[in-house]
Amino acid sequence: MDAIQLYNTATRRKEALEPLDPQNVRMYLCGPTVYDRAHLGNARPVLVFDVLYRLLRHRYPQANVTYVRNFTDVDDRINETALKRREAGAEGALETLIRERSNETIQWYHEDMDALGALRPTHEPRATEYIAQMIAMCEDLIAKGHAYAAEGHVLFAVESYSEYGKLSGRSVDDMIAGARVEVAPYKRNPMDFVLWKPSDDELPGWDSPWGRGRPGWHIECSAMAAELLGDSFDIHGGGIDLQFPHHENEIAQSRCAGHGFAQIWMHNEMLQVEGKKMSKSLGNFFTVRDLLDQGVSGEVIRFVMLSTHYRKPMDWTEKKREEVEKCLLAWKKIIDEERDAVSAAFTGKAPPDEIIRALSEDLNTPQAIAELHKLAKSAKQDLEAKIALAEGLAFFGFDYRNDWSVAFGSSLDRILGAPIDLGPYEDMLFEARKKAKETKDFGEVDRITQLFLGAGLAVRVSPERVEMDFTEHFDPEKLDLLN
């Protein structure tokens, strides 16, 4: 089988994945900072790298794939949420409130990502569990002349690493010119970044050679990756927003500490909502839980996300959501026609070669979905294709056995104010067709069908039933022409 090809941000080209150790294929993904619910944009890297994880476990023995996704549970934003809780009357020490908030948010995160069908990684380290490793890395960088202590801080000396900026394609001079960073008096260079910083008696802190303090954000991932994956590993992933400064800084401190670090860097593009950047100020910001609570299936969210290639901006739209709901329901109905036979042959471990081939070409999820469409078309008449469709869906994170449905008109209720029952119209067309088969005169059937189509309804006809659904062009007033 052909090698898995992945686009390496560091080299600006696709490369064949050649694991450093085929007996231990290793991947690291930057996880969430646990201060609030995961928003929709947070879900995209989880789903992208979940597909890659599934592909790696298919290509290599499952036990030979190690996937690490961290939790950042020491951060100023977590501290702020805990302070607000205390101000609102919550009892307990601030550090206790911080720990409670982190635990609560991690539980939410697991619930939401589980609902999207994402597999749990091999390891999910919390930053607070690896403080000793972070302190040791800081000491090593100071000893090697790549970092320095100043006023209780430890800072990485950017000028000590000649390749700084290579991942993001920026020069240090350009970064300094356009920098929006704290230019503290103890910094030797405006671009030097914090590895360790002081903590007061109330905030979370740990004893260190530089006094009581806590780690900077960037050192956390370097220390956890080294501890769990070794000095060098195969793939490091994350959103394109992390390319600079987070990933750039990870590379600098890890390489200067003597680690080979990641061989391939992968970045997913950002998410938009109805063509605009998701933003609270624009009123288009929502969490994964918001969608789930509104009745949007986790499978639908997953399908919409994977319909766009990970290296292209992904636009969440109401139209896409509706189309995906219809598509998944239609595929499940096809399989249900011979569910017992499909269940008897289903393994959950035999994805069609076409799906694997598409995903092996830089995670081409849109092409893989196109292959599922082809299978669904054949599956209408063929049991083997139904089985292959079920296997393909399972590999992609969808289970044909999951029962969920979408009420007709659910997406239009907010527009129309009340649902419209299409049942009588479906019965009308079915009875008209039944009569036409006896008289051999289909003129009335054609007239009614055209009126329905003109009113913006989708019409699906089979020998057993007539089904209708709304389209974005639905106009209820045109249904009055039937009377």
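The model shown is predicted, which means the values in this text are computed figures rather than measured ones. We count residues from 1, following the sequence as given.
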Any chance you could measure [X], atom [atom1], to [Y], atom [atom2], to the nearest 0.5 Å?
X    : Y    : atom1 : atom2 : answer
H259 : F233 : NE2   : CZ    : 10.5 Å
F286 : H39  : CZ    : NE2   : 11.0 Å
L155 : C138 : CG    : SG    : 10.0 Å
N79  : L203 : CG    : CG    : 5.0 Å
T128 : I98  : OG1   : CD1   : 11.0 Å

Of all the heavy-atom pairs spanning [X] and [Y], show the shortest one and how long it is.
X    : Y    : answer
E163 : E248 : O-OE2, 4.3 Å
E269 : P313 : CB-N, 3.6 Å
V304 : M314 : CG1-CE, 3.4 Å
M137 : S222 : SD-CB, 3.9 Å
M266 : L363 : CE-CD1, 4.1 Å
V46  : A118 : CG1-CB, 3.8 Å

Does I301 form a side-chain contact (heavy atoms from CB on, under 4.5 Å) with L292? I'd like the steps, not just the answer. CA-CA 9 Å; I301 298 171; L292 294 171; 4.0 Å; yes

Heavy-atom check, side chain of [X] versus side chain of [Y], under 4.5 Å:
X    : Y    : answer
N64  : P22  : no
R357 : Q367 : no
W196 : I135 : yes
V154 : I142 : yes
V51  : L47  : no

Counterpart residues, salt bridge (charged side-chain N to carboxylate O under 4.0 Å, His left out), relative to R212 (two or more places apart):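 So R212 forms no salt bridge (charged side-chain N to carboxylate O under 4.0 Å, His left out) with any residue.
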
Please confirm whether the backbone N or O of [Y] pairs with a side-chain atom of [X], one donor and one acceptor, at under 3.5 Å?
X    : Y    : result
K386 : A379 : yes
D50  : L119 : yes
N364 : A358 : no
D73  : V34  : no
E391 : A350 : yes
R12  : T9   : yes
K320 : D315 : yes
N70  : G31  : yes
K144 : A257 : yes

So, are [X] and [Y] salt-bridged, with charged N and O less than 4.0 Å apart?
X    : Y    : result
E274 : K276 : no
E323 : K326 : no
R302 : E299 : no
D336 : K332 : no

Given S297 and E325, is the side-chain hydrogen bond (donor to acceptor under 3.5 Å, both in side chains) satisfied, shown in steps? CA-CA 8 Å; S297 163; E325 285 176 346; over 6 Å; no

Both conditions, 6.0 Å and 45 degrees, for the charged tip of R69 above the ring of F49: are they met here?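 No.
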
Test: salt bridge (Lys or Arg N to Asp or Glu O under 4.0 Å). Region: [range]. Which pairs qualify, not counting sequence neighbours?
range            : value
residues 36-47   : D36-R101, R37-D112
residues 215-243 : none
residues 358-370 : K14-E361, R311-D362
residues 23-32   : none

Parallel, tilted or perpendicular: ring planes of F261 versus W265, cut at 30 and 60 degrees: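 Answer is tilted, since the angle falls between 30° and 60°.
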
What class does the angle between the rings of F156 and H146 fall in, given that below 30° is parallel, 30 to 60° is tilted and above 60° is perpendicular?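 Aromatic pair F156/H146 classed parallel.
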
List for me each residue that meets ring-ring contact (aromatic ring centres under 6.0 Å, His included) alongside W217, sequence neighbours excluded, and say none if there are none.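 By the ring-ring contact (aromatic ring centres under 6.0 Å, His included) rule, W217 matches H246.
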
Working note: L56 + Y67, criterion side-chain contact (heavy atoms from CB on, under 4.5 Å); need CA distance, chi angles, decisive distance, verdict. CA-CA 10 Å; L56 293 174; Y67 174 24; over 6 Å; no

Criterion ring-ring contact (aromatic ring centres under 6.0 Å, His included) against W331, the qualifying member of F396, F303, Y400: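 Exactly one option meets the ring-ring contact (aromatic ring centres under 6.0 Å, His included) with W331, and it is F303.
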
Stepwise, does the side-chain contact (heavy atoms from CB on, under 4.5 Å) test hold for H236 with C30? CA-CA 8 Å; H236 193 312; C30 289; 3.5 Å; yes

Output, in order, the C-alpha distance, side-chain angles, deciding distance and verdict of side-chain contact (heavy atoms from CB on, under 4.5 Å) for W210 and E139. CA-CA 10 Å; W210 318 284; E139 290 180 306; 3.7 Å; yes

Salt bridge (charged side-chain N to carboxylate O under 4.0 Å, His left out) assessment of D114 paired with R120: CA-CA 8 Å; D114 288 350; R120 296 281 181 97; 2.8 Å; yes

Please assess S102 against R126 for the test side-chain hydrogen bond (donor to acceptor under 3.5 Å, both in side chains), listing each intermediate value before the final yes or no. CA-CA 10 Å; S102 296; R126 298 188 184 199; over 6 Å; no

Can you confirm whether [X] is buried at [atom1], in the sense that more than 12 heavy atoms of other residues, nucleotides or ligands lie under 6.0 Å from that atom?
X    : atom1 : value
K166 : NZ    : no
E129 : CD    : yes
Q62  : CD    : no
K312 : NZ    : no

Would you tell me whether D290 and T287 have side-chain atoms, one donor and one acceptor, within less than 3.5 Å of each other?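 The answer is yes; a qualifying pair exists.
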
Would N42 and Y109 count as having a side-chain donor-acceptor pair, cut-off 3.5 Å?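 Short answer, no.
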
K374 vs E371, salt bridge (charged side-chain N to carboxylate O under 4.0 Å, His left out): CA-CA, chis, key distance, verdict: CA-CA 5 Å; K374 293 178 185 178; E371 297 298 337; 3.6 Å; yes

